[in-house]
Amino acid sequence: MSLSEVKENREALVSEVKGDTRFMSRITSIGLTPGCRIRVVKNDKNRPMLVYSRDTMIALNRKECKGITVEEVTA
Amino acid sequence: MSTGATIALLGQPNSGKSTLFNALTGLRQHVGNWPGKTVEKKEGSFSYGGKEYRVADLPGSYSLSANSDEEVITRDFIASGEADVVCILADSSQLQRSLFMLADYAGINVPCFLLLNMADVAEDQGKKIDAKAIEEKLGIPVVPFSATDIKSYDSFYKTLEKALSKNSKINVSDLATQYESIKGYQDICELIPENAIEGYSPMWLAVKVLEKDEVVIAKLKNTLDAYTFSRIEEAAVNTSGAVATGGCKFRWIDELLGETASAKDNTVKLSGLDRIYINKFWGKAAVILTVLLGLIASFIPALPLMGVGEAVLALKAPVMNGLSSIGCPEFIILIIGDVIIQSFSYIFKMLGFVFGVTLVFGLLEEVGVMARISYVFDNTMGKLGLQGKSVMPFLVSFGCTMGGAAGARVIDNWGQKVLTIALAWAVPCGAAWATIPMLAAIFFGPGAVGVIVAILLTMLVHMWITAKVFGGQLVKKEDRYGMIMELPPYHKPKWGALFRYVLGRTKETFVRVTKVILLVCGIFWLLSYSPSGNGGILYSIGVAIEPVTKFFGLPWQLFLSYIASAVGKEGAVGVISALYSGGSYGTAFTQAMSGGADTSNLSSLLLANVTKPEALAFIFAMTFNMPCVVALAATFQETHSAKWTARIVIYYTVVSLILAFIAYHIGMLIW
């Protein structure tokens, strides 16, 4: 599923990251790489998403999140 | 004092790089541009152990890829060998993620050392970091650091000297092993000879080729023979890019950190403040309230300097009287009084504002509030091609455009910064807001409310159109990407470093804007001056071209007042009043600018001489004209570009006349 479908306060594992070269490089350098575990903190429409990963709170533009595929972790 | 080494500071945003830079250099810093580029260059110096060290604060970015000018400049500067040693900063409280910069650096052949910043925060969070173990594995000096702790600086200097004397470089063998698992890596690496591009190892270059780094690929194409290059291209086909190399970098970091890095807890607690800022409903209101409170707060540190400005102005009359009593020629007296003293009064008032706004904005940035503002307004400002932060200069511009321009320095992309300032000019400032209701009430009575609403709507349309006009050139399409940004934890401010930074910027602003303001005030004064006290070049031109300005709804008196409003809006009404009561332009102008004009019988004077459509035209022309000389100087100071400052001035002059034309003709239809 796409990252933007994950509900608030759920955790997921990144399975795939897709996009142009620039996006891939930016998303990697902030630490969102395949295999990394993230928690969705905020998922409101018309706002960037907020996710927590590698001890860091990250704001992500919603459109760009479409390139991030995740598997939800059942707690 | 002997010359020591040059140090470059490298680190991701929020790694505490600027704080360290300010703490090290204090007032001994200089902000300019990288040669031929629009990226800000911050340099400074400090002395330690009898040696003078140069420090370069490299632009903050998350990696060393070719995503932006900032990143390319950063790595080229390092590889050029201009820096003798690179200090790489990482945030100890988010060590795993923030070591990415170190991993991306590995393979550049310049000595370096690692600074584990915010060691105190990590300790409070119960994170134990074994700096010695990391140092052993990396082969470079590693120093835990906390900017608030004075002892930290001592170990910083010692580590710096150690890195310099040992010429320490990162041990990359484990990282290379990681990369070898990527398809194509080994082939490419073997095809690239040592020193293919000065300063970079074949490993580093091979990884960038895999990441499809256009700048590196183009350079390799230029240096290697066609056959080798085509084989590299062949080997790079269908490789998995930055995701694979990024994975390697993080695996290497995990190995480096060992047990300490094992992710324990992924739960997050939002602080009370974040609950409000991030809230769907209250977020925007909370941000606007924060900025407004900040604006009010910035007046407090500004007041002393503004008082100096007033005091300088109070000197004007006694100095001019004194000079005339000793028989000084009138022309000289006028230049000293109306140009030099007047300009310095402006300059000190401006410095007060720059000081206050820089302090408050710097504080918001440092404690982490600025990132929340970016987040909340990302969508809205993104439509104009700007960052969420741009909302702050806009709000400040309702008070003072110069403050808005000075506040735009928190925007780290040059194009977006210039565009923000260009749009902030459209926001009517405090002086305009003092004039608009007064004039509107004289002519339209209760209809003044309608005029104010019309001004606000015009402002929004103006900003939107201006964003279209300048946006294409300033913010390129490929630079308009969505937000990928860290929301840093809230930090306690480092007051000492912050004050040194603010003082440094204020000093630099003083040096730079003094010339601009003296020049522009001087030109306006010369154009208004006439030896007989009546006439002057501007006056003659104004009267001569009245048939043209009438077309825009501006008789010569209003047109000259409009011109005066480009110097300062405070004076515009005074000039009208003086001109309609038969005063000379030159005197009216300087008197109005120093606040001495008589506006007591303004209402009857205006109603007797000006029609309603003309009044409406003037209100629009004055409001959307260039804000003032000081805003012009601040714009030049922040953009570092005379070309763009001139463009913005010309654009606003033209647009304000067009708006006057439209307002006048709409007014003619109504009345």
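Convention: sequence-line order gives letters A, B, ...; per-chain numbering from 1. Keep in mind it's a predicted model, so treat the numbers as computed, not measured.
Of residues 364-377 of chain B, those residues lying under 4.5 Å from chain A by any heavy-atom pair are Tyr375(B), Val376(B).
Remark: Lys63(A) NZ is loosely packed, at most 12 non-hydrogen atoms of other residues, nucleotides or ligands lying under 6.0 Å away. No more than 12 heavy-atom neighbours from other residues, nucleotides or ligands sit within 6.0 angstrom of CD on Glu123(B). In Glu71(A), the CD atom is not crowded: 12 or fewer heavy atoms of neighbouring residues, nucleotides or ligands sit closer than 6.0 Å. No more than 12 heavy atoms of other residues, nucleotides or ligands shown are found within 6.0 angstrom of CG on Asn238(B).
When all heavy atoms of Leu50(A) and Leu487(B) are compared, the closest pair comes out as CD2-CD1, 3.5 Å. Listed here is the closest heavy atom pair of Ile30(A) and Arg97(B): O-CD, 2.9 Å. Contact record, Pro48(A) with Asp378(B): CG-OD2, 3.7 Å, taken as the closest heavy-atom pair.
For Glu214(B), no part lies under 4.5 angstrom from a heavy atom of chain A. Proximity to chain B involves both the backbone and the side chain of Val17(A), based on heavy atoms less than 4.5 angstrom apart. Contact of Thr28(A) with chain B is made through backbone and side chain together, with heavy-atom distances under 4.5 Å. For Asn379(B), the part lying under 4.5 angstrom from a heavy atom of chain A is the side chain only. In this structure, no portion of Asp274(B) lies under 4.5 Å from any heavy atom of chain A. Using a 4.5 Å cut-off between heavy atoms, Ser61(B) makes no contact with chain A at all. Interface remark: Gln94(B) contributes backbone and side-chain atoms alike to the contact with chain A (heavy atom separation under 4.5 Å).
Counting heavy-atom pairs closer than 4.5 Å to chain B, the top-ranked of the candidates Glu64(A), Lys45(A), Arg47(A), Lys42(A) is Arg47(A). Note on Gly31(A), Gly35(A), Ala59(A): by heavy-atom pairs under 4.5 Å with chain B, the leading option is Ala59(A).
The OG atom of Ser29(A) sits 7.0 Å away from the CD atom of Glu71(B) when rounded to the nearest 0.5 Å. In this structure, Ser68(B) OG and Arg26(A) CZ are separated by 9.0 Å, a value rounded to the nearest 0.5 Å. Here the NZ-OG1 distance, from Lys212(B) to Thr21(A), works out to 6.5 Å after rounding to the nearest 0.5 Å.
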Does Ser63(B) form a side-chain contact (heavy atoms from CB on, under 4.5 Å) with Ser25(A)? I'd like the steps, not just the answer.
CA-CA 8 Å; Ser63(B) 70; Ser25(A) 155; 4.2 Å; yes

| request: Kindly indicate, with the supporting measurements, whether the criterion side-chain contact (heavy atoms from CB on, under 4.5 Å) is fulfilled by Asp55(A) and Gln125(B). | output: CA-CA 11 Å; Asp55(A) 296 329; Gln125(B) 292 172 347; over 6 Å; no

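Arg54(A) forms a cation-pi arrangement with Phe250(B), by the criterion of a distance under 6.0 Å to the ring centre and an angle within 45° of the ring axis.
For Tyr62(B), there are no ring-ring contact (aromatic ring centres under 6.0 Å, His included) partners two or more places apart in sequence or in a different chain.
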